[in-house]
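Since we're looking at a predicted model, the values are computed, not measured. Residue numbers start from 1 in every chain, and the chains themselves are labelled A, B, ... in the order their sequence lines are given, proteins ahead of strands.
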Amino acid sequence: MNKKGDKIISVYWFVILFIVAAAIVYMVISFYGNPYDVREAEASALIDSVARCITEGPYLKESVLSGIFPEDFSEECSLNFETEDIYGGGSEGQYFVEVFVYDFNSKEEIFSASEGNENLRQNCGLEGKGFPVCLERKFYSLDNEGGQYEISILSIVRKTEKNVQ
Amino acid sequence: MFNKNNFGQVGETVTWFVATIIIVLILFVSVFISSIGPWNDKNLGFSRETDYIASKSFFAWLLTEDDTENSVYEQLREEENLNEFNGGLALDIFEDNYGGEYFEIWVGISNGKFEFLSVNWWTLSTGIYNIYFGFRPEDIVESCRTYADERVILDSNRSIELILKTSDCF
């Protein structure tokens, strides 16, 4: 009877058990530790919100066409770009939105406005972790006199700290 | 005289050693696969069942008037199908603006009758072919919602419909 051998085997089994348990814990943390990236949905919601703000049903607001729609439209459209302190960088915003209104036939620009951190725009089109999500959508609209317009809204959401790991 | 016990002990030790190596290798492979697998893609893509932006374009298109001040809606009520004005305009609006986002786009007149295919599978009957968007997609069923749509009634038998498909159902 090799009692010393039995003790060694017992220690060995505990070591193997510990290694397997550690691997399982690592795999679970690796999967559940990654956050969901909801920025595309967030950018889409922002575009819908701005579109709702500059139009009344299928018609562009008169104030947009007459030029009295405020360029600082965050207040007009009830947009709140404030974020938690987690992002650091103090004054740098996590959002940017830009609106263009063109004549549908001549493609001439009639109105433009932007709000948020303009520096985010240069990162559009770049792929990889750490870059913001850019989404651009267009829609067709009219004015009360039958004029036709194409509206383009660009929405950019950064927030990489909370959505990407 | 050989000590057979020593050879046995060495053999058994090597067995344990190899078994340990195999266990550790399997663990490494498991961890590696779990960290690079497609389930780690946490990009929350979403499919639309309604598209607010496209709906805006649809209603604006219906209200657009031609040179005779006849709106697209009135034209569709009076005529059997899309014409050069409203069909061409629809192509300019929907194909150009949403063609890159959606799998398939269809604008046209449907007859508005529900057809029973089988239990839980209802579909709106096939629409009228037009030269601008072709045939209405056949797999538009409520129980497989892979599309956004908007529909406006023209009369008791017909509707004008916008369908934006994100993927095939069948």
ILVMFWY cluster, [X] and [Y] together (side-chain gap under 4.5 Å):
| X | Y | answer |
| --- | --- | --- |
| B:L25 | B:F17 | yes |
| A:F18 | A:I24 | no |
| B:I153 | B:L62 | no |
| A:W13 | A:I19 | yes |

(Q) Which one wins on heavy-atom pair count under 4.5 Å against chain A: B:A60, B:G100, B:S30? (A) B:A60
Q. When heavy-atom pairs shorter than 4.5 Å are enumerated against chain A, which of B:F28, B:W61, B:F59, B:W16 gives the highest number?
A. B:W16
Q: Report, by ascending residue number, the residues of residues 85-98 of chain B in heavy-atom contact with chain A at a distance under 4.5 Å; give 'none' if the set is empty.
A: B:L89, B:D92, B:I93, B:N97, B:Y98
Q | Interface residues of residues 66-80 of chain B facing chain A - non-hydrogen atoms under 4.5 Å apart | A | none
Q: Report the hydrophobic cluster partners of A:I156, with the cluster defined as I, L, V, M, F, W, Y residues connected by side-chain heavy atoms closer than 4.5 angstrom, directly or transitively.
A: A:F96, A:L120, A:L154
**Q.** Hydrophobic cluster (4.5 angstrom, side-chain heavy atoms) - remaining members for A:Y102
**A.** A:F100
Rounded to the nearest 0.5 Å, what's the gap from [atom1] on [X] to [atom2] on [Y]? Could you check?
| X | Y | atom1 | atom2 | result |
| --- | --- | --- | --- | --- |
| A:E145 | B:E65 | CD | CD | 11.5 Å |
| B:Y52 | A:S44 | OH | OG | 12.0 Å |
| A:I16 | B:I23 | CD1 | CD1 | 4.5 Å |

Q | Engaged part of A:V15 at the chain B interface, taking heavy atoms whose separation is under 4.5 Å | A | neither
Q) What option among A:A22, A:G146, A:G57 has the most heavy-atom pairs under 4.5 Å with chain B? A) A:G57
Q | Option that, when pairs with chain B are counted at under 4.5 Å, heavy atom only, ranks first among A:I151, A:I153, A:V133, A:T55 | A | A:T55
Q) For A:P58 and B:L63, which heavy atoms make the closest approach, and how far apart are they? A) CG-CD1, 3.4 Å
**Q.** Crowding at CD, B:E84 (>12 non-hydrogen neighbours, <6.0 Å)
**A.** no
Q.
I'd like to know whether CZ of A:F81 has more than 12 heavy-atom contacts from other residues, nucleotides or ligands below 6.0 angstrom.
A. yes
Q: Pick one of side chain, backbone, both or neither for B:S55, based on which atoms fall under 4.5 Å of a heavy atom in chain A.
A: neither
